[in-house]
Amino acid sequence: MPYDPSAIEPKWQRAWAEARVAEVDVTAPGQKFYMLNMFPYPSGDLHVGHGRNYILGDALYRYFRMRGRVALNPMGWDAFGLPAENAAIKRRIHPREWTRGNIGRMKAQFDRWGILYDWSKELASCDPEYYRWNQWLFIQLYKRGLAYRGKAPVNWCPTDQTVLANEQVVDGRCERCGTVVVQRELEQWFLKITDYADRLDAGLDNLEHWPDKVKTMQRNWIGRSVGADVEFQVPSLGKPIRIFTTRPDTIYGATFMVLAPEHPDVAALVADHPERAAIEQWIAGVRNQSNLERQEAGKEGRFTGKYAVNPFTNEEIPIWLGNFVLMQYGTGAIMAVPGHDERDFDFANQYGLDVRRVVEGGELPYVDKEAGVAVNSPLIDGLTSAKAIARMIDEIERRGIGKKMVRYRLRDWLISRQRYWGTPIPMLYCGACGIVPVPEDQLPVELPVDVAFTGREGNPLAKDDRFVNATCPQCGGQARRETDTMDTFVDSSWYFLRFVTPRDSTKIFDTSLVNRWLPVDQYIGGIEHAILHLLYARFVTRVLHDMGLVAFEEPFARLFNQGMITKVGYRDPNANMMWIPFADIEMRDGDAIRKENGSKLIPELAKMSKSQFNVVPPDELIARYGADTERVYTLFIAPPEKEAEWSDEGVVGAYRFLGRVWRQGEELAAGRMSGGANGERVIRKMHQTIDAVTRRMERFEFNTTISFLMELSNAIGEHLAGGGDLAPAREAYTALLQMLHPFAPHITEELWAMLGHSGMVLKSRWPSADPALMQEDVVTIVVQVNGKLRGQIEVANPPEEKRVFEAVDANEKVQQWLAGRQIVKRIYVPGKLVNVVVK
RNA sequence: GCGAAAGUGGCGGAAUUGGCAGACGCGCUGGACUUAGGAUCCAGUGGCCCAAAGCCGUGCGGGUUCGAGUCCCGCCUUUCGCACCA
C-alpha cells in the first residue's frame, strides 16, 4: 500500500483524543514538565507560519513525555481585544460570536496538525469565569496601592479611540494601527509597575535560559540609571530647582540649565519676561506636539531671562526652556554640560552658550564615562570619571544639596481602555464615598451582551444605563460604574497560573499545585512579546509572590523565541508599492507582471500575512502531503530561532523522506529478507543517531535532528538493499520510529502498529544509546607532516592513542616521509586523525 | 549615531567547538519505470580541468598555530534592537 496520509492521520487524531492521552492529573506523582505556547489571540484562520510555533511546542512536548516526564501542555485563548469589536462594527456580529467561531476553527486546525493539548484545561479570557479572577486580581492590586487612578498625559490613538500603554506606542505610532499617537491629559487607571522596576531589572540576571536579546530589550525598557539629584538655587524664585544627572563629575562644566516646557516652575520664571506672550505661545505649541513631532522639529529653546547658581562654581548660569527635555523623566530639569553631552553641545552651539571642558580625554563633546579624567574641577581633578562620580555624590550629600538617586525610564502601566470587548474594571464611583471597589462576592462584573456597536462616540458601555447605574456597597446610595475595560495584557499576565486549576470557582488558583507546576519549564512564543507581555507577567508574578500566593518570582524558566516564516510577495511600484494577490499576476521570463496594468512587480520577502497575499493555508498542503510532511518540513527548513523562507518545492523533500520510511516499514513488516550482510553497521548508526538526536532535542536543534534521522533511514535502506539481516534492521527501524515520532506522529503510530509493536509510540520509552556500540570499527587516519605531506591509513578498532601511533609507525608510506627527520610532537585526535610534527 | 548578532555551493543550511569543509534536503544533470510526468525510484552534483593527477576554495586584508569556517587585529556588508531617558 502506498503512503496515504489522508487515511492514517484522522484515524490517529481520533485515537489520541479518545484515549485522552494529553489529559494530565495535576496531582499525579512524577517529574513534571510544564510546556507552554503563548496563548493566541483567536483571529481566525491559521497559516503555516503560525504552525511553526505550535508544531515546535508539540514536538518538544511529545519528546519530554517519551523521556518519562509528566508533561502538561495546555492551550487557551487571549480572547478579548479590538479586532473582535471592529468585526462587530463592520459585520454586525457580536464580538462573542465572532470570537467563538474563530476559536472553533483554530481548534480544528490544531487537531489537523496533530497537536496534543490538554483540552480539559482550556480557558478563554473572555469567559466570565476567567475574567472574574482578572477583576479579583485588580482589586487586590488596588488594595495594595498598586492600582491607582491618576491624571496624566497619556497616549491617545485617534483611530482606535482609546488610550494606549507606553509599551504599545512604537516610534510615536499606535502599535496596532499605525496612526500617530497624540498626547491627552486624562484621568485613567494605572498599575504601579515602577515600584517593581528595580526587582524586574535585577531578576533578569538570574534568567539563564532566556535569550540575551530579550533580556537586553527588557533592560533597556526599564532603563535603570544611577546618578544624583542636585538642587540649584534660583534667587529670583527664592527656592531651588532640582535636576537629575548621571554625571555629577561634570557639574563644574554645567554652564546653563534647561527645563521641560511643562516644568511647574516655568510660569513663575517667565511671569515678568518682556516677551512673555511669545514664550507662552511657544510653550503651548511644544506642548501640543507629540514626542515624535518634537524630535522631528529639532532642538529648540527659549531663554527665561532668569539664572540659577551652579553649587560648585557658584557662577550664575542661564535657565533655558528646551523641547528636548522630557517632563516624564527625572525631574523635568537638567544641568546642561555641553562639553560632555551631545544634546547639550548641540543646544549650546545653536544658541551661543558657553562650552567648558571638565574631562580630559578626547574631542568635545567628550562623553566617555570610563576613560576620562577630571580637570578644571577643584574637588576631583585627576580622578577617573568613575571615582569622580562617587566623590561628587558624597560631597553633594555632605552639603545637603542632593542625594544619590536611581531612576528608571519605565513608567506606570496604563490599563484603562475606552472599549467594550475587555474585562470591566470592577470599580464604582459614589458621590458620597468616592472610589469604591466592587465587593469580591459580587464578581464577576459581567459585560452586558446586547449593546449597540456603532463605531462612533466611544465606548458602548458608557451609554448603557443598566450597566452604568449601580448601588454603592458602602452607603447604599447611587453610584456610577467604571465603564473602561482593562488592557488585554492584564488578562495574559497570569493565565499560565490558571491552567493548573482552570475550573476552580472558589479562587484564582491553587497555591500548592501552582508551586508544584510552575515556573513554566519551557515557554515558546514570538519575539514581539519581548517587552510587553513578558514584562507584565514578571511584574504580576512578583506581586502574587509578595501576596504569599506563589513561591517564585519568575514565571518562565526557559524562554524560546521562534523565528517567523517568510515568503515572497509582490508589490506594484506604479501603485504606491501596493501588495498584489498572486491571482492577479502573470509570470513572464522570470518577471512578475501585474495583469491589470502590465507593471513589472517587485518581489519582496515578507512575514506571512493576508495583507501581503503570501500566506500558505495548511488545508491544501495537508490534503496533498499530510500534516506529518508539513511538520517535518517546517522543523527541517532552518534552525527554529531563525527566520525561514517557505519554499513549496522544499516540502516534497520531507514528503519523500516519509515515503521512504513508509516503504521500509512495509518491507520489514513483510519480512522478506534473510541471511546476507550482518547488521553491525546499521546498529552502530542507530546508536550514533540516538546519541546525536537526544543531545540536540533539548537544544532545539530540530533541523539537524531530522537530518540525522534521514541518515539513519538511508542507512537502513542500504542495509535492506544489500540483503541484510532482518533483526538488526528492525531494531534500528524501531528506534527510528520513536525518534521520528515527535516530528511525524501519525505515520510513526501507523508503522508502529504495522510492525506489531504494542501500544502507542507516544507512550513508549525514548531509546537510549550504548556508547560502546557507537564506535567505528575502522577509522581513517590522516597523517600530516608540517601540514604538507599527507597520507591515509586505516586503523582497526578500537582507536586508542597507543594503537593509532603503532599503526602510523608501521605504515610504509609514512615511514618514507619520516625518514631522516626528527619527530617533535604527535597530536592525536580520537577517532579522527593524527598529526606527526617533524623538524 | 549607539549596541548586539551574522556573512559557508545555484538555494535552505551542516561541521561533535582548533582537526577529512559543504552532512541532510531543495534545485540541477543523466538514467529507470511510464501513453504521459510538474509522480516515484536510482546515480551524479563546490570551482578550474574532456578526464585523471593536481590546484583553488567559508565577505575582504593581516596575524597566531603543525593545522583556522572556527581564535586575535583591522575593514566591508546585512539583519535586529535602542535612539533626545540627562
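Since the model is a prediction, treat every value here as computed from it, not as a measurement. Letters A, B, ... are given to chains in the order of the sequence lines, protein chains preceding strands, and every chain is numbered from 1.
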What's the gap between [N] and [M] when it is taken at their [atom1] atoms, as a whole Å value?
| N | M | atom1 | answer |
| --- | --- | --- | --- |
| C56(B) | G37(B) | P | 45 Å |
| G3(B) | C55(B) | C1' | 43 Å |
| C50(B) | C60(B) | P | 27 Å |
| A5(B) | G74(B) | P | 15 Å |
| G13(B) | U8(B) | C1' | 9 Å |
| G59(B) | G69(B) | P | 10 Å |
| G25(B) | U17(B) | C1' | 24 Å |

(request) Find the distance between CD1 (Ile283(A)) and NE2 (His263(A)) and round it off to the nearest 0.5 Å. (result)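 Spacing of CD1 (Ile283(A)) from NE2 (His263(A)) equals 12.0 Å.
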
(message) Please tell me if Lys213(A) has a side-chain N or O lying less than 4.0 Å from either OP1 or OP2 of A5(B).
(response)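 It does not, given that no N or O in the side chain of Lys213(A) lies less than 4.0 Å from OP1 or OP2 of A5(B).
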
(message) Please tell me if Arg696(A) has a side-chain N or O lying less than 4.0 Å from either OP1 or OP2 of A15(B).
(response)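 Yes, because at least one side-chain N or O of Arg696(A) sits under 4.0 Å from OP1 or OP2 of A15(B).
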
(message) With ring-ring contact (aromatic ring centres under 6.0 Å, His included) as the rule and sequence neighbours excluded, what pairs involving residues 321-341 of chain A come up?
(response)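 Non-adjacent pairs meeting ring-ring contact (aromatic ring centres under 6.0 Å, His included): Phe324(A)-Phe347(A).
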
So if I take every side-chain heavy atom of [X] and compare against [options], which nucleotide ends up nearest?
| X | options | result |
| --- | --- | --- |
| Thr246(A) | C84(B), A86(B), G12(B) | A86(B) |
| Asp341(A) | A86(B), C84(B), A83(B) | A86(B) |
| Arg663(A) | C41(B), A86(B), G81(B) | C41(B) |

Measure [atom1]/[X] against [atom2]/[N] and give the value in whole Å, please.
| X | N | atom1 | atom2 | value |
| --- | --- | --- | --- | --- |
| Glu342(A) | A86(B) | CD | C1' | 12 Å |
| Lys567(A) | C11(B) | NZ | P | 19 Å |
| Phe700(A) | G13(B) | CZ | C1' | 19 Å |
| Asp648(A) | G12(B) | CG | C1' | 14 Å |
| Leu658(A) | U40(B) | CG | P | 12 Å |
| Leu410(A) | C82(B) | CG | P | 15 Å |

(message) Please tell me whether Thr704(A) and Arg696(A) have a donor and an acceptor in their side chains that are separated by less than 3.5 angstrom.
(response)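 Yes.
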
(message) For Watson-Crick and G-U wobble pairs within 3.5 Å on both distances, what is RNA chain B written in dot-bracket notation, | included for inter-strand pairing?
(response) (((((((..(((......[....)))((((((.......))))))(((.....)))..(((((..]....))))))))))))....

Identify, with sequence neighbours excluded, every residue that meets side chain to side chain donor-acceptor pair (under 3.5 Å) alongside [X].
| X | answer |
| --- | --- |
| Trp662(A) | Glu666(A) |
| Asp198(A) | Arg224(A), Tyr408(A) |
| Lys685(A) | Glu711(A) |

(request) Please test Asp229(A) against Arg407(A) for salt bridge (Lys or Arg N to Asp or Glu O under 4.0 Å), starting from the C-alpha separation and ending with a verdict. (result) CA-CA 10 Å; Asp229(A) 274 13; Arg407(A) 289 194 181 270; 2.7 Å; yes

Using a heavy-atom cut-off of 4.0 Å across all strands, would you classify [X] as base, sugar-phosphate, or nothing?
| X | result |
| --- | --- |
| Ile334(A) | base |
| Lys642(A) | sugar-phosphate |
| Ser225(A) | sugar-phosphate |

(request) Identify, residue by residue, the members of residues 254-266 of chain A with a heavy atom below 4.0 Å from RNA chain B, and return them in order of residue number, or none. (result)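 Nothing qualifies; none.
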
(request) By nearest nucleotide on RNA chain B, pick out whichever of Leu326(A) and Tyr655(A) is the more 5' one. (result)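 By nearest-heavy-atom nucleotide position, the 5'-most residue is Tyr655(A).
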
For [X], enumerate each residue passing the ring-ring contact (aromatic ring centres under 6.0 Å, His included) test, keeping only those at least two apart in sequence or located in another chain.
| X | result |
| --- | --- |
| Tyr196(A) | Phe539(A) |
| Phe560(A) | Phe700(A) |
| Trp210(A) | none |
| Tyr633(A) | Trp646(A) |

(request) Would you classify G9(B) as syn or anti? Syn applies when the glycosidic angle is within 90° of 0. (result)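 Syn.
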
(request) Decide, for U17(B), between syn and anti: a glycosidic angle within 90° of 0 counts as syn, anything else as anti. (result)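 Syn for U17(B); the angle stays within 90° of 0.
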
(message) Main chain of Ala530(A), side chain of Gln218(A): is a donor-acceptor contact present, judged purely on distance under 3.5 Å?
(response)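 Yes, the answer is positive, given that a donor and an acceptor are paired below the 3.5 Å cut-off.
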
(request) Just jot down the salt bridge (Lys or Arg N to Asp or Glu O under 4.0 Å) partners of Asp344(A), sequence neighbours excluded, or say none. (result)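 For Asp344(A) there are no salt bridge (Lys or Arg N to Asp or Glu O under 4.0 Å) partners, ignoring immediate neighbours.
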
(request) Report, as a single string ordered 5' to 3', how protein heavy atoms within less than 4.0 Å touch nucleotides 22-31 of chain B: B base, S sugar-phosphate only, - not at all. (result) -BBSSS----

